[in-house]
Asker: 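Sharing a structure with you now.
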Amino acid sequence: MVQWEHYRYSCFAGQDRKAMQKAAQELYEYFQSLSPQQLLRFREDFSRTTSLEWSVDWNQVRPPIHKGIDDESLFAVLAAGTFHLNGYYRERCLLALEAYGGRALPFALLLVNNWVEAIRDKAFGICKRLYGQATARQVLDSLWFLEYIRQGRRRSDQTWQQLYHAAKLRIVQMMEIMSPGDILKETVFTRRLYYKMLAEGGTLDDGMALALLKRERDVFNKIKLAGYLLELQPISDEVMAALLKNKVGAIRLAALHRKEKQAKGLWPAAEAFLFDPNRSVREFTVYLFHKYKGADPVMLYRQRIAVDPQPGVIAGLGENGSQEDAALVMPFLKSEQPAVLKAAITAIASLLNRDATNILYRFIQHPHGGKTAFRLMLKMKMRVPCRRLYLDYLSSDSEILRQRLFRLICVGTNWDKVPWLIRLYNSLPPELLPVAWDQLLYWQVGYMKPTYSERKAVEDALQDTVSLPKKLRQSIEFSLKTASY
């Protein structure tokens, strides 16, 4: 990436044309490599460095127009000048930039939030004029900066609303010349604001919105587009069917809410959503069955699991069934399909709660179900004897499994986990040492009375671990002294 030293800007206050031309060309090349976020960082750094140039009276300096600098490079010089700390020079650069049309919008917009009121007012007027003549590309490039100044506190709400309306008007006018393919080439944020403006302008028809929804890659943008479609009055059957089949669970859930209002109750195809892969969709459908039928759909899950054991069916039975239903789920713990296995592990945990501890522990190192089993054990605070975890830790060569076993040791009760954390301390990888340190240093015995064997296990661990840090050893020994039999 090209670099440009901020102090070189002072050459534009001098008379050396060659130095100006060279510095301007390099500044232009540098600006070409900047993203909007990097441009803002440049602005902050530039403002700090130029404030030290007391040898130049910037009140009298004019922008270096007619100094032999080419048009593109001069634009970069003027754009950087809008970041200058001297208000008189900053204003002159702003006024000169207007001649460049819509290209100047990002820099003029940033000055709408300037701390000098006269500059704010002039920047606002220039922005309104520029939006009236800007090209589609220039309007789209300005949207990030328009949203950025919305968070500013110096400009008035009325000012921002007028600029937003001006930009939206141009977006709506340009809609005919932009295809979905053109829109999808823009950045995620630009697309998001573009969709919003079209929806507010009443020009985002359902056909175009569906085409964009199908090709949009960002999940949040998909949800936004679906939200605009669901606000349509009335909503067509084609749009509703497309939203109910969408791959994004949040979109299917929102469509179900709208479908319920539209149907004013349950509809024939609602049963299929009891077996949806998304938990929120399943839970809402169960709620609808209770609301409109007064029936518990658990029998539907029991019947369906025998003929079509999809992940949504297994998970739904786990969420709505009883302990007796665990027998229906157990066979799927042998499945070779990762999604089915994960759903079965989750369902067993839901149905049996802590009685499922040993079952889940068997899967702790499974290539497909291990992560799911581990997370459920942590979430439900399932406790395995720490001595067993310690021995499994020592016998394992897998770094991932060792980390999981260590975390499960930390879930154990105070008197059970401490001796094994002491023994493990010096063999832990660097990333786990802070966790072990906190577990041992802030060990709170409370009112728990240790048995003789529990106390002796800690004492033996201290005796066997010679190189334990002094502060930890003193803290543990103090806890031993204050604990009563």
Side-chain angles (χ1 to χ4, degrees), residues 342 345-346 348-350 352-485:
K342 291 174 185 178
I345 291 172
T346 305
I348 288 294
S350 299
L352 300 181
N353 294 311
R354 292 191 180 180
D355 290 341
T357 300
N358 289 330
I359 298 173
L360 265 61
Y361 188 67
R362 291 206 317 266
F363 286 92
I364 198 72
Q365 58 182 328
H366 194 280
H368 302 307
K371 191 174 183 179
T372 302
F374 168 65
R375 287 183 171 178
L376 286 168
M377 291 183 75
L378 281 185
K379 180 182 178 181
M380 302 175 74
K381 295 185 177 179
M382 295 180 176
R383 287 171 175 161
V384 177
C386 291
R387 184 176 185 278
R388 179 182 176 185
L389 296 170
Y390 169 75
L391 293 175
D392 288 345
Y393 182 99
L394 294 181
S395 62
S396 174
D397 294 326
S398 167
E399 197 60 42
I400 293 176
L401 179 57
R402 284 188 163 201
Q403 288 190 18
R404 290 175 183 170
L405 293 170
F406 169 78
R407 297 285 180 180
L408 290 176
I409 290 175
C410 293
V411 176
T413 60
N414 280 339
W415 287 103
D416 188 24
K417 70 184 177 184
V418 166
W420 310 110
L421 286 174
I422 294 172
R423 293 178 184 277
L424 280 178
Y425 188 84
N426 290 318
S427 62
L428 291 173
E431 65 270 18
L432 297 182
L433 279 175
V435 181
W437 175 276
D438 289 343
Q439 290 281 328
L440 292 171
L441 186 63
Y442 303 110
W443 175 35
Q444 299 294 328
V445 177
Y447 295 101
M448 295 171 60
K449 294 183 179 181
T451 63
Y452 172 79
S453 59
E454 287 174 336
R455 176 187 286 273
K456 192 170 188 312
V458 177
E459 291 172 345
D460 290 346
L462 285 173
Q463 186 175 355
D464 294 343
T465 311
V466 179
S467 56
L468 194 69
K470 183 178 178 180
K471 188 174 182 179
L472 284 184
R473 182 177 292 275
Q474 289 175 341
S475 175
I476 296 167
E477 287 175 346
F478 177 78
S479 294
L480 281 172
K481 290 176 182 177
T482 55
S484 58
Y485 286 105

Asker: Ignoring hydrogens and angles, tell me if any N or O in the side chain of Lys417 forms a donor-acceptor pair with the backbone of Cys410 under 3.5 Å.
Answerer: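 Looks like yes, one N/O pair under 3.5 Å.
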Asker: So with a 6.0 Å cut-off around CD of Gln403, is the heavy-atom count from everything else above 12?
Answerer: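 Yes, enclosed.
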Asker: Nearest 0.5 Å please: distance from the CZ atom of Phe363 over to the CE atom of Met377.
Answerer: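 Atom-to-atom, Phe363:CZ and Met377:CE are 12.5 Å apart.
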Asker: Return the minimal non-hydrogen interatomic distance between Thr372 and Lys342, and the atom names on each side.
Answerer: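 Nearest heavy atoms, Thr372 then Lys342: OG1-CG, 3.5 Å.
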Asker: Would you compute the distance between atom CE of Met380 and atom CG of Leu360 and round it to the nearest 0.5 angstrom?
Answerer: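 Separation between the atoms: 8.0 Å.
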Asker: Is atom CD of Gln463 surrounded by more than 12 heavy atoms (other residues, nucleotides or ligands) closer than 6.0 Å?
Answerer: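 Atom CD in Gln463 is not packed in, count stays at 12 or less.
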Asker: Could you report the tightest heavy-atom contact between Arg402 and Leu394, atom names first, then the distance?
Answerer: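 The pair with the smallest heavy-atom distance is NH2-O, 3.8 Å.
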Asker: Decide yes or no for Ser475 and Leu472: does some side-chain heavy atom of the first lie under 4.5 Å from some side-chain heavy atom of the second?
Answerer: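 Ser475 does not reach Leu472 side chain to side chain.
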Asker: Does Arg354 form a side-chain contact (heavy atoms from CB on, under 4.5 Å) with Lys381? I'd like the steps, not just the answer.
Answerer: CA-CA 8 Å; Arg354 292 191 180 180; Lys381 295 185 177 179; 3.8 Å; yes
Asker: Closest heavy-atom contact between Pro419 and Ala461?
Answerer: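 Reported closest heavy-atom pair: O-CB, 3.5 Å.
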Asker: Just do the side-chain contact (heavy atoms from CB on, under 4.5 Å) check on Tyr425 and Leu433 with the steps written out, would you?
Answerer: CA-CA 7 Å; Tyr425 188 84; Leu433 279 175; 3.8 Å; yes
Asker: Could you tell me which non-hydrogen atom of Asp416 sits nearest to which non-hydrogen atom of Val384, and how far apart they are?
Answerer: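 Asp416 and Val384 have their closest heavy atoms at OD2-O, 4.4 Å.
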Asker: How about Ser398 and Ser396: does a side-chain donor come under 3.5 Å of a side-chain acceptor?
Answerer: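 No, no side-chain donor-acceptor contact under 3.5 Å.
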Asker: Could you measure the distance from the CD atom of Gln439 to the CG atom of Leu432? Nearest 0.5 Å is fine.
Answerer: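 Separation between the atoms: 11.5 Å.
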Asker: Would you list the pairs meeting side-chain hydrogen bond (donor to acceptor under 3.5 Å, both in side chains) in which at least one residue belongs to residues 383-395, sequence neighbours left out?
Answerer: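 Every side-chain hydrogen bond (donor to acceptor under 3.5 Å, both in side chains) pair that includes a residue of residues 383-395, provided the two are not neighbours, is Tyr361-Asp392.
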Asker: Heavy-atom count around Arg375 CZ within 6.0 Å, excluding the residue itself: above 12?
Answerer: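 No.
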Asker: Looking at Ala349 and Met382, what are the two nearest heavy atoms and their distance?
Answerer: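 Heavy-atom minimum between the residues: CB-CE, 4.3 Å.
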Asker: Which pair of heavy atoms, one from Cys386 and one from Gly412, lies closest together, and at what distance?
Answerer: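 Smallest heavy-atom distance, with atoms named: SG-CA, 4.1 Å.
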Asker: Could you give the distance from OG (Ser479) to CH2 (Trp415), rounded to the nearest 0.5 Å?
Answerer: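 CH2 of Trp415 is found 7.5 Å from OG of Ser479.
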Asker: Report the distance from atom CG of Leu421 to atom CG of Asn414, rounding to the nearest 0.5 Å.
Answerer: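 It is 10.0 Å, given to the nearest 0.5 Å.
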Asker: If I take atom NZ from residue Lys456 and atom OG1 from residue Thr451, how far apart are they, to the nearest 0.5 angstrom?
Answerer: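 Lys456 atom NZ to Thr451 atom OG1 measures 12.0 Å (nearest 0.5 Å).
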Asker: Start with the C-alpha distance between Leu408 and Ile364, add both sets of side-chain angles, then the distance that settles side-chain contact (heavy atoms from CB on, under 4.5 Å), and finish with yes or no.
Answerer: CA-CA 11 Å; Leu408 290 176; Ile364 198 72; 4.0 Å; yes
Asker: Hey, does Val435 have a side-chain heavy atom less than 4.5 Å from the side chain of Arg407?
Answerer: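 Arg407 reaches Val435 side chain to side chain.
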Asker: Any non-hydrogen side-chain atom of Pro469 less than 4.5 Å from a side-chain atom of Lys471?
Answerer: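 Not in contact.
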